[in-house]
There are 2 protein chains.
Amino acid sequence: MSAKKTSLKDIAQKAGVSTALVSYVLNGKEKESRVGQEIAAKIKEIAKELHYQPNHLAKSLRSGKTHTIGLIIADISNPFFANIARVVEDEAKKNGYTVIIGSSDENPDKSRDLLNVLINRQVDGFIIVSSEDSAEQVQDLKAKGIPFVLLDRYFPDIQTDFVSTDHYQAAYDAGNHLVSSGYKRIGMIAYKSQLFHMQERIRGYQDALKDNKIPFQKAWLKKVRFSYIESEVRATIDELMAMKPPIDALIFATYGLAINGLKYFNELRLRVPDDLAIVSFGQAEVFDLYYCPITYLKQPIGLLGQTAVGLLVNKIKDHQKGPAQILMKAELIVRASSKTKFPE
Amino acid sequence: MSAKKTSLKDIAQKAGVSTALVSYVLNGKEKESRVGQEIAAKIKEIAKELHYQPNHLAKSLRSGKTHTIGLIIADISNPFFANIARVVEDEAKKNGYTVIIGSSDENPDKSRDLLNVLINRQVDGFIIVSSEDSAEQVQDLKAKGIPFVLLDRYFPDIQTDFVSTDHYQAAYDAGNHLVSSGYKRIGMIAYKSQLFHMQERIRGYQDALKDNKIPFQKAWLKKVRFSYIESEVRATIDELMAMKPPIDALIFATYGLAINGLKYFNELRLRVPDDLAIVSFGQAEVFDLYYCPITYLKQPIGLLGQTAVGLLVNKIKDHQKGPAQILMKAELIVRASSKTKFPE
DNA sequence: AATAGTTGCTTAATCGTTTAAGCAGATTAA
DNA sequence: TTAATCTGCTTAAACGATTAAGCAACTATT
């Protein structure tokens with residue numbers, strides 16, 4: 001059976017000293033606490049011999065720090081977020097933190113729930129990919145003085161730390177690229193959402209058209225609801241292709257939209273890029289494997305995650321510091337799905 | 001700033017009683033502990049008023065239970081495992097447990113590391129998707145008396161609880177299906193691995209051929225190393241197609257292998273299923289989106305995860321109970337990639 | 001009236017750490 | 001010589017909960 005865990009007391013007893021001394025030595029405070037060299041060495045040896053592992057619970061209870069980070073992501077089945085999770089976990093570990101991941105599934109109730117559970121578990125701070133209608137939750141965290149960093153999505157009206165892609169610029173680049181590749185009637189399918197990053201993607205797309213002297217047509221921009229993604233993506237594609245003339249290029253504002261759209265293209269036997277050029281946000285194996293590889297916006301996942309952890313750890317360690325707000329550039333990876341159009 | 005958390009003491013003070021009484025009331029032990037009705041009501045009210053939330057650390061330190069489960073998966077970037085993680089998380093929450101996820105990335109060192117970190121964090125038990133060379137770690141857990149359940153992969157030589165797909169049967173079904181669809185020269189690309197589930201997949205494939213009176217050819221079975229997956233998948237496909245005659249159908253033993261294989265097919269301009277029929281393990285959007293939807297083995301992810309959590313929670317709660325060993329059936333989802341072969 | 005039993009509460013130990021404070025004895029300074 | 005300082009250790013409180021044990025003050029029993 002499990003040989004009972006060794007505690008400070010066990011070591012203290014075996015060494016014939018008090019637990020205080022053992023604690024000092026094992027925390028490297030020998031100097032400040034004026035511990036004798038001999039006994040220090042002895043303590044260390046005994047600790048090793050007994051395979052001493054400190055009890056995190058006790059430590060945390062005493063110190064108020066758990067060395068645990070709560071990561072709340074919007075949707076773990078999205079590979080972008082799954083990869084974010086992996087990066088955050090790795091980086092946190094390097095900094096001596098453990099991560100507890102929760103997926104809010106784009107649902108504010110679930111998100112609040114998770115937040116509460118994790119606050120209750122005394123996490124030292126949060127990294128959050130916010131979901132719809134969660135601005136209030138962010139305000140709450142702020143009010144409670146709990147350290148957190150927003151990742152990928154942020155609220156322009158709330159002063160917070162955040163690390164995000166420049167969604168506006170990314171969408172602008174996408175639109176611009178399609179125009180320079182000869183496309184003239186460029187649509188976008190986005191989510192119906194108040195979230196700022198979505199607004200920015202839409203704005204970037206519109207500005208790209210404008211700056212290229214292509215008058216934006218309202219019917220080119222479609223917004224679908226997250227919960228009805230499958231049916232609504234189909235319906236909007238039908239609409240976009242039924243226009244006279246139909247669009248000749250389409251930007252998907254997220255990975256999920258692209259998946260549903262591409263599936264429907266296959267059903268319709270629409271050919272990419274001849275019938276319709278494509279650029280998409282998100283990144284995944286799918287984009288490589290599609291019969292016509294998809295041009296996409298590559299977000300700097302590794303850097304995003306690492307920076308967020310770095311920021312958070314700093315915030316946890318010394319409370320001062322003004323808010324850090326970091327925008328990173330997405331890289332447009334050009335593939336066959338947006339190849340230069342053969343003049344009509 | 002953060003209104004200091006309320007503790008039992010605060011409530012006790014405000015109610016003018018001892019913390020013991022408060023504890024009894026708030027844990028529903030009013031009856032056993034003979035607490036007066038009036039004071040009980042008062043305590044409850046004050047607790048609500050002060051938004052009392054018990055401190056998990058203190059509770060855990062005292063009770064030795066953290067209500068936390070460690071989930072160690074082999075590779076979080078694999079959507080199969082990502083989904084497992086989601087299911088486990090949800091189910092655990094329903095049972096009042098929090099999950100800490102770690103990805104071992106198929107690396108035994110990382111796996112041991114994770115195990116240690118989480119043991120140290122006093123998780124109550126583990127759900128583990130074992131990686132290569134981790135049998136010893138499983139033995140250790142057993143020896144230490146820490147409750148755990150193996151998920152999806154298990155060791156036939158070690159008596160443990162596990163919940164797994166019947167990998168043998170799944171592979172057998174795949175092979176059988178290809179034969180009945182008219183394919184005669186059926187290859188398999190698998191991992192070079194000691195892990196039992198991989199052995200079983202290989203055995204199932206071989207037995208399917210045998211039972212259908214197709215003599216198995218050694219050159220049809222290729223094993224690649226996880227760390228060199230990209231180059232080795234390409235090399236083995238070259239070999240398989242260079243045979244005289246080449247194979248006419250191929251089973252991918254995992255999702256990762258399929259991704260790499262399909263990518264290479266695109267490069268080679270091999271057509272599925274005309275040049276080569278495909279069945280794959282794993283499941284993902286990719287299989288829907290490929291120009292020719294891929295026949296795959298659908299593992300009962302939800303049930304696997306839920307059962308594992310259920311088993312573990314039971315084990316944690318009452319230590320006795322003999323090992324539960326559960327095998328579930330994968331469903332073969334037939335798509336165009338394995339459609340009946342036009343007679344040669 | 002004496003005893004036993006019940007009711008309603010408190011006390012204090014405990015889980016495993018950390019750390020301020022204090023106490024001898026040795027050394028140095030004046 | 002006496003005080004001040006240094007050295008090496010111990011004591012004990014604290015973090016926030018749980019819970020066995022005990023103590024009054026009643027009520028019921030004989």
Side-chain angles (χ1 to χ4, degrees), chain A residues 2-44 46-47 50-68 119-124, chain B residues 2-44 46-47 50-68 119-124:
Chain A
S2 54
K4 206 77 176 86
K5 274 205 99 188
T6 46
S7 69
L8 280 192
K9 220 193 223 166
D10 301 324
I11 300 178
Q13 246 156 34
K14 189 149 187 189
V17 297
S18 69
T19 61
L21 214 52
V22 180
S23 173
Y24 290 135
V25 170
L26 263 28
N27 287 295
K29 306 209 173 146
E30 317 171 35
K31 295 279 138 59
E32 305 98 290
S33 305
R34 309 166 313 201
V35 181
Q37 293 210 351
E38 258 175 72
I39 198 68
K42 186 171 175 191
I43 287 172
K44 281 182 191 161
I46 295 180
L50 299 183
H51 300 109
Y52 172 71
Q53 293 287 113
N55 181 323
H56 262 276
L57 294 172
K59 265 183 133 94
S60 298
L61 179 58
R62 182 63 225 252
S63 67
K65 298 261 159 263
T66 55
H67 278 88
T68 304
I119 289 176
N120 216 244
R121 295 249 164 186
Q122 327 259 120
V123 299
D124 290 344
Chain B
S2 55
K4 207 75 178 86
K5 273 205 101 188
T6 45
S7 70
L8 279 193
K9 218 194 223 167
D10 301 323
I11 300 178
Q13 246 156 33
K14 189 149 186 187
V17 297
S18 71
T19 62
L21 215 51
V22 179
S23 172
Y24 289 135
V25 171
L26 264 27
N27 287 296
K29 307 209 172 148
E30 316 170 33
K31 296 278 136 61
E32 305 97 291
S33 305
R34 310 167 312 202
V35 181
Q37 292 210 351
E38 259 176 70
I39 197 70
K42 185 170 172 193
I43 286 173
K44 281 182 194 161
I46 295 180
L50 299 184
H51 300 108
Y52 173 70
Q53 294 288 114
N55 182 322
H56 262 275
L57 295 172
K59 265 182 134 94
S60 299
L61 178 57
R62 183 65 225 255
S63 68
K65 298 263 160 258
T66 54
H67 279 87
T68 304
I119 290 175
N120 217 243
R121 295 246 164 188
Q122 325 259 121
V123 297
D124 290 343

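Order of the sequence lines sets the chain letters (A, B, ...), proteins ahead of strands, with each chain counted from 1. No hydrogens, no waters, no symmetry mates; every other heavy atom, side chains included, goes into these values.
- Look at CD on A:E32: it is 12 Å from C1' on C:dT19, rounded to the nearest Å.
- The CG-P distance, from A:D10 to C:dG16, rounds to 8 Å in whole Å.
- Among residues at least two apart or in separate chains, side chain to side chain donor-acceptor pair (under 3.5 Å) pairs with a member in residues 28-40 of chain A are A:E30-A:K44.
- Rounded to a whole Å, the NZ atom of B:K9 is 13 Å from the P atom of C:dT11.
- By the salt bridge (charged side-chain N to carboxylate O under 4.0 Å, His left out) test, A:K14 is found to be paired with A:E49, residues two or more places apart in sequence or in another chain being considered.
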TODO: Go through the steps to decide whether B:N55 and A:L61 satisfy the test side chain to side chain contact (heavy atoms under 4.5 Å, CB included), and finish with yes or no.
DONE: CA-CA 9 Å; B:N55 182 322; A:L61 179 58; 4.1 Å; yes

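- Applying the side chain to side chain donor-acceptor pair (under 3.5 Å) test to pairs two or more places apart or on separate chains, those with a residue in residues 17-28 of chain B are B:S23-B:N27.
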Pick out the pairs of N or O atoms, protein on one side and nucleotides 7-10 of chain D on the other, that lie under 3.5 Å.
residue: D:dG8; atom: N7; partner: A:R34; partner atom: NE; Å: 3.4
residue: D:dG8; atom: N7; partner: A:R34; partner atom: NH2; Å: 3.4
residue: D:dG8; atom: O6; partner: A:R34; partner atom: NH2; Å: 2.9
residue: D:dC9; atom: OP2; partner: A:G36; partner atom: N; Å: 2.7
residue: D:dC9; atom: N4; partner: A:R34; partner atom: NH2; Å: 3.3
residue: D:dT10; atom: OP2; partner: A:S18; partner atom: N; Å: 2.9
residue: D:dT10; atom: OP2; partner: A:S18; partner atom: OG; Å: 3.0

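- Spacing between atom CG of B:L26 and atom P of D:dT19 amounts to 13 Å, rounded to whole angstrom units.
- Atom CG of B:N55 and atom P of C:dC15 are 18 Å apart (whole Å).
- For the atom pair A:Q13 CD and A:T6 OG1, the distance stands at 12.0 Å (nearest 0.5 Å).
- Nucleic acid contact class of B:S7 (heavy atoms, under 4.0 Å, all strands): sugar-phosphate only.
- At least one side-chain nitrogen or oxygen of B:K29 sits closer than 4.0 Å to the OP1 or OP2 atom of D:dT19.
- Between the CZ atom of B:R121 and the P atom of C:dG16 there is a distance of 18 Å, given to the nearest Å.
- Here B:K59 does not reach the OP1 or OP2 of D:dG16: none of its side-chain N or O atoms lies under 4.0 Å away.
- In this structure A:D124 satisfies the side-chain hydrogen bond (donor to acceptor under 3.5 Å, both in side chains) test together with A:T66, sequence neighbours excluded.
- Rounded to a whole Å, the CG atom of A:L8 is 12 Å from the P atom of C:dT19.
- Residues meeting the side-chain hydrogen bond (donor to acceptor under 3.5 Å, both in side chains) test with A:K9, sequence neighbours left out: none.
- Spacing between atom CG of B:L61 and atom P of D:dA14 amounts to 17 Å, rounded to whole angstrom units.
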